[in-house]
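Here the structure is laid out as structure tokens; the discussion comes afterwards.
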Amino acid sequence: MKTQHIAIFASGTGSNAENIIRSFQSESDLKVALVISNRSKAKVLEKAENLGVANAYLPKEDFEDEELLLGFLEAYNISWIVLAGFMIKIPEYLVKEFNGRIINIHPALLPKYGGKGMYGQHVHEAVKNAKESETGITIHLVNEEYDKGKILFQAKVVIMDSDTVEDIQLKVQQLEHRHYPEVIASHIRKNRS
Ligand code: GRF
């Protein structure tokens with residue numbers, strides 16, 4: 001069984017990236033081979049380094065450079081891309097090249113609370129301000145439009161009136177950590193060539 005190499009793209013803390021790397025360390029057919037960030041100081045790069053995973057900072061313009069990025073991914077035999085808090089819109093060439101093989105997680109129940117500008121705390125603030133009784137996560141394939149690709153998985157959590165934005169963020173993060181690795185693994189195992 002050929003090991004499927006995964007690249008994680010992340011811009012921030014990297015708690016999901018770390019969780020995914022650790023989850024796949026015990027899977028012989030799945031390997032996070034590379035972590036790329038568009039922010040040189042992103043904590044996710046430190047986490048990858050500490051976990052012995054190749055990692056790189058690429059400035060925003062490098063993500064637009066098709067030859068550079070595809071060459072870089074090929075050098076690591078990357079077949080799948082996982083976004084874990086990645087703040088740059090995926091360029092069209094990459095969506096085409098990795099059609100059906102780019103997975104993202106959104107910290108809300110799409111199609112609500114999605115689209116441009118809806119990321120991180122902004123999402124949870126909007127959910128709280130709307131007095132929603134529940135929120136959750138959406139794991140979906142990435143296409144040309146923000147947060148519009150095929151939904152693979154959703155999970156919900158109840159919101160109490162007393163919940164702060166921080167409480168909501170923590171509840172959602174628990175769902176992310178519980179479900180993202182298994183949804184990625186299941187999608188890859190169902191669709192690998
Ligand atoms: C998560 O909330 C995820 O849903 C969103 O970006 C955040 C990444 O958090 N896409 P972390 O850096 O993995 O802790």
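Keep in mind that the numbers below use all heavy atoms, side chains included, and drop hydrogens, waters and symmetry copies. Every number for a ligand or one of its atoms is a count from 1 in the order of the listing.
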(request) Report the hydrophobic cluster partners of Met160, with the cluster defined as I, L, V, M, F, W, Y residues connected by side-chain heavy atoms closer than 4.5 angstrom, directly or transitively. (result) Val158

(message) Which option wins on minimum heavy-atom distance to atom 13 (O) of ligand 1: Asp147, Asn16, Ile105?
(response) Asn16

(request) Check ligand 1 against Thr13 and write out every atom of the ligand that is under 4.0 Å from a heavy-atom position of the residue. (result) 12 (O), 14 (O)

(request) Measure the CZ-NZ distance between Arg192 and Lys2 for me, rounded to the nearest 0.5 Å. (result) 10.0 Å

(request) Looking only at distances, please establish whether an N/O atom of ligand 1 is found under 3.5 Å from an N/O atom of Ala84. (result) no

(request) Would you tell me which option among Gly85, Ala42, Gly14 has the nearest heavy-atom contact to atom 12 (O) of ligand 1? (result) Gly14

(message) Suppose we measure from atom 4 (O) of ligand 1 to each protein heavy atom; which comes out shortest, and what is that distance?
(response) Glu176 OE2, 2.5 Å

(request) Mind checking the CG-CZ spacing from Leu45 to Arg39? Nearest 0.5 Å is all I need. (result) 9.5 Å

(request) Among all protein heavy atoms, pick out the one at the shortest distance from atom 14 (O) of ligand 1; state its residue, atom name and that distance to 0.1 Å. (result) Ser15 OG, 2.5 Å

(message) Going by side chain to side chain contact (heavy atoms under 4.5 Å, CB included), Gln154 matches just one of Ile139, Val183, Ile137, Thr138. Which one?
(response) Thr138

(request) Enter the distance from Tyr180:OH to Asn104:CG here, rounded to the nearest 0.5 Å. (result) 5.0 Å

(message) Pairs of nitrogen or oxygen atoms closer than 3.5 Å, one from His106 and one from ligand 1: do any exist?
(response) no

(request) Establish, from distance only, whether the side-chain atoms of His124 and Thr135 form a donor-acceptor pair under 3.5 Å. (result) no

